[in-house]
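Quick notes on the structure that follows.
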Amino acid sequence: MGGCGSVPTVASGEGVDEPLPEGVEEQLSSGDGILELSGRKIPRLPASICNLSESLNKLYLTGTMITELPDDFYQLENLRTLALDANKLPELPEPVCSLPNLGRLYIGANHLQGLPMSFARLQSLRILWIERNFLYHFPRVLLSMPGLRCVQMGDNRLKGLPSDIATAMPGLKGLWLYSNRFDRVPKVLLRLHGLEVLDLDKNRITEFPDMSRMKGLQLLSYDHNPVKGPPKVAETVTLVGEGAQEFMEEREAQRQQMEEEEQEEREREQQEAENKEAEGGEEEGEEGQEEELYEEEEGEAEERVENANDHYYSEYEEEDYYLEEEGDCMEDEGYYPDEGQYYNQWYK
């Protein structure tokens with residue numbers, strides 16, 4: 001393996017400078033930090049690649065038949081994505097495990113049977129695709145990487161999962177286990193409460209447990225398993241498999257019916273509340289009318305009393321009320337003041 005130098009070329013075993021692959025400078029000139037070398041035959045990546053540490057963010061080496069990486073590959077401190085899939089690698093090149101900020105690693109379609117313990121140094125890794133390899137056991141080193149979010153392990157030889165995966169990888173959101181050798185659903189999967197995507201397609205599972213308590217689950221693929229019907233899951237889960245379409249259509253119809261019934265119930269309760277409010281308004285109106293009627297009757301009574309008083313006193317104002325009982329009293333016309341003025345003064 002070559003070491004990283006300070007110039008863009010290094011001497012090969014034959015003493016000839018080994019330049020970077022053609023077109024590298026042009027690709028990186030765009031400023032997006034992506035270097036696409038997939039499909040080219042590059043058995044050994046030139047050590048001069050390490051001089052691109054400041055500008056290289058994504059490196060794609062799919063199908064290049066690469067077997068070696070420079071020892072100082074770790075100097076690519078800004079590398080976030082690395083694709084080494086489809087290269088028939090019997091083991092993972094050790095320099096990969098030294099990349100300090102690697103977030104995505106694609107190493108599918110190789111001949112890997114496991115991962116080295118040094119793989120645990122990749123604590124920034126979030127997405128790992130290791131499908132189409134020869135894994136007979138779940139790599140336990142992954143249990144030392146709680147930051148992993150998506151693990152693609154389809155098309156391997158797995159029969160089970162470690163019992164502590166739920167506690168060791170609590171942030172796992174996507175797990176692809178299709179085309180393995182599971183004959184039952186590992187119980188530990190039910191404890192992965194944050195799991196959103198689970199692919200168990202093309203296994204040997206004859207029966208699925210109740211998975212409705214996996215509250216975070218959004219998609220479950222169970223196709224191509226010898227099961228009689230869809231697994232029991234929460235109502236929000238999308239299913240992929242035999243009978244799934246009919247099941248989800250029926251579930252959706254039931255959901256819509258329940259919503260309609262709930263809406264009808266809400267409308268009925270609202271109508272009852274409005275009716276009660278209207279009845280209350282009518283009662284208040286009747287009470288108001290009764291109060292107005294009472295006030296009117298009271299006013300009329302007072303008016304009758306006043307009219308009666310007026311009538312009573314008016315009789316005394318008649319000229320013939322005072323009889324000429326004694327002539328000497330009546331002769332003095334100025335003795336009696338004006339009667340109307342008198343009564344108006346005292347009985348206003």
Look at the side chain of [X] and the backbone N and O of [Y], then say whether any donor-acceptor pair between them is shorter than 3.5 Å.
{"X": "N87", "Y": "T64", "result": "yes"}
{"X": "S124", "Y": "P100", "result": "yes"}
{"X": "N156", "Y": "L158", "result": "no"}
{"X": "N57", "Y": "I34", "result": "no"}
{"X": "D201", "Y": "S221", "result": "no"}
{"X": "Y74", "Y": "C97", "result": "no"}
{"X": "N203", "Y": "F182", "result": "yes"}

>> Counting C-beta onward and ignoring hydrogens, is there a side-chain heavy-atom pair between P46 and P21 closer than 4.5 Å?
In response: yes

> Does some side-chain heavy atom of F119 sit less than 4.5 Å from a side-chain heavy atom of M145?
Replying inline: yes

More than 12 non-hydrogen atoms from neighbouring residues, nucleotides or ligands closer than 6.0 Å to [atom1] on [X], yes or no?
{"X": "R104", "atom1": "CZ", "result": "no"}
{"X": "E77", "atom1": "CD", "result": "no"}
{"X": "E22", "atom1": "CD", "result": "no"}
{"X": "R157", "atom1": "CZ", "result": "yes"}
{"X": "E26", "atom1": "CD", "result": "no"}
{"X": "E235", "atom1": "CD", "result": "no"}
{"X": "K41", "atom1": "NZ", "result": "yes"}
{"X": "W176", "atom1": "CH2", "result": "yes"}

Can you tell me how far apart [atom1] ([X]) and [atom2] ([Y]) are? Round to the nearest 0.5 Å.
{"X": "Y60", "Y": "D85", "atom1": "OH", "atom2": "CG", "answer": "10.0 Å"}
{"X": "L102", "Y": "L82", "atom1": "CG", "atom2": "CG", "answer": "6.0 Å"}
{"X": "Y178", "Y": "D223", "atom1": "OH", "atom2": "CG", "answer": "14.0 Å"}
{"X": "L217", "Y": "L219", "atom1": "CG", "atom2": "CG", "answer": "7.5 Å"}
{"X": "E196", "Y": "L220", "atom1": "CD", "atom2": "CG", "answer": "13.5 Å"}
{"X": "L190", "Y": "M214", "atom1": "CG", "atom2": "CE", "answer": "6.0 Å"}

Assess, by modelled atom type and distance only, whether the side chains of [X] and [Y] contain a donor and an acceptor separated by less than 3.5 Å.
{"X": "Q271", "Y": "N275", "value": "yes"}
{"X": "E259", "Y": "Q263", "value": "no"}
{"X": "Q245", "Y": "E249", "value": "yes"}

>> Under 4.0 Å between a side-chain nitrogen and a carboxylate oxygen: does that hold for R255 and E252?
In response: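 Judged by the 4.0 Å cut-off on N to carboxylate O distance, R255 and E252 do form a salt bridge.
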
> Can a salt bridge be assigned to the pair E272 and K276 using a cut-off of 4.0 Å between side-chain N and carboxylate O?
Replying inline: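 K276 and E272: not salt-bridged.
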
